[in-house]
Amino acid sequence: MAKPMDEYTWKDLTVGNVVDEPGNSVDYKTGDWKSQRPIFDESKCIQCAVCWNFCPDMAIYRKKDRFFAANLEYCKGCGICAQECPTGCISMEEEVS
Ligand code: SF4
Ligand code: SF4
């Protein structure tokens, strides 16, 4: 488990800044980078999984009811899922904080 960012110093850097812990991306909740979030309209969804295939952050998952949703802890709001969805059922909504 990664420690909080403010506890890191330059002494924690690896030589050449190489990633020496493969598979550690799950420890970094990058979802708070986003300025937009995907909203799914399930009435238009044909469950084709195109959104799941195209998401570069593997943030989209299949729910028990077979529809898809985005894990907002990892979604960076790039909008690729909305762009690629063949039925236009994903829209991007402005994040409010
Ligand atoms: S790409 Fe669109 S239609 Fe296909 S599963 Fe995802 S949300 Fe549904
Ligand atoms: S907006 Fe980008 S990161 Fe978020 S679920 Fe869609 S494709 Fe993935």
Side-chain angles (χ1 to χ4, degrees):
M1 187 66 180
K3 58 187 174 182
M5 286 305 286
D6 57 1
E7 290 180 18
Y8 282 94
T9 71
W10 66 270
K11 292 177 186 171
D12 294 304
L13 296 175
T14 57
V15 175
N17 272 339
V18 296
V19 176
D20 61 356
E21 292 173 65
N24 69 354
S25 61
V26 75
D27 291 337
Y28 298 95
K29 304 228 164 118
T30 49
D32 54 1
W33 299 2
K34 66 183 170 301
S35 59
Q36 293 188 314
R37 64 170 60 200
I39 305 293
F40 293 72
D41 177 354
E42 291 179 354
S43 68
K44 294 184 195 166
C45 179
I46 57 172
Q47 301 182 1
C48 63
V50 166
C51 54
W52 177 82
N53 269 306
F54 273 87
C55 176
D57 290 299
M58 298 179 72
I60 292 182
Y61 63 96
R62 186 164 232 165
K63 300 184 296 175
K64 283 191 178 143
D65 65 4
R66 314 284 298 159
F67 286 103
F68 291 81
N71 182 336
L72 298 176
E73 289 189 330
Y74 298 101
C75 165
K76 294 197 189 85
C78 66
I80 291 173
C81 54
Q83 183 70 35
E84 298 298 333
C85 173
T87 63
C89 65
I90 305 174
S91 56
M92 299 304 291
E93 189 173 274
E94 205 76 22
E95 268 299 60
V96 284
S97 54

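Remember, predicted model here, so these are calculated numbers, not experimental data. Counting convention: from 1, in listed order, for ligands and their atoms alike.
Of the heavy atoms in E84, none comes closer than 4.0 Å to ligand 1. Under 4.0 Å from ligand 1, heavy atoms of C48 appear from its side chain as well as its backbone.
Considering D41, N53, I46 only, the shortest heavy-atom separation from atom 3 (S) of ligand 1 involves I46. Relative to atom 7 (S) of ligand 1, the option among P86, C89, A49 with the closest non-hydrogen atom is C89.
Residues C51 and E84 have side chains not in contact (no heavy-atom distance under 4.5 Å, counting atoms from C-beta outward). A 4.5 Å side-chain heavy-atom check between P86 and V50 finds at least one atom pair inside the cut-off.
To the nearest 0.5 Å, the span separating CZ on F68 from SG on C85 amounts to 10.5 Å.
The shortest contact between atom 8 (Fe) of ligand 1 and any protein heavy atom is with C45 SG, 2.3 Å. Given atom 2 (Fe) of ligand 1, the protein heavy atom at minimum distance is C85 SG, 2.3 Å.
Residue F68 has at least one heavy-atom neighbour below 4.0 Å for each of these atoms of ligand 1: 5 (S). Using a 4.0 Å cut-off to heavy atoms of M92, the atoms of ligand 2 that qualify are 1 (S). Ligand-side atoms of ligand 2 in range of P56: 7 (S), range being under 4.0 angstrom from any heavy atom. For ligand 1, the atoms lying closer than 4.0 Å to a non-hydrogen atom of Q47 are 5 (S), 8 (Fe). Applying the 4.0 Å criterion to heavy atoms of T87 picks out, from ligand 1, the atoms 3 (S).
Partners of E7 by side chain to side chain contact (heavy atoms under 4.5 Å, CB included), not counting sequence neighbours, listed by chain and number: K3, P4.
The count of protein N, O or S atoms under 2.8 Å from atom 6 (Fe) of ligand 2 stands at 1, with waters excluded from the count.
Within the structure, side-chain hydrogen bond (donor to acceptor under 3.5 Å, both in side chains) contacts touching residues 37-46 (residues at least two apart or in different chains) are R37-E95, D41-S43, E42-K63. Contacts classified as side-chain hydrogen bond (donor to acceptor under 3.5 Å, both in side chains) and involving residues 47-62 (residues at least two apart or in different chains) are given here: D57-K76.
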| request: Begin from the C-alpha positions of C81 and I60 and carry the test side chain to side chain contact (heavy atoms under 4.5 Å, CB included) through to its verdict. | output: CA-CA 9 Å; C81 54; I60 292 182; 3.7 Å; yes
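Scanning all heavy atoms of the two residues, the minimum distance from I90 to F40 falls at CD1-CE2, 3.5 Å.
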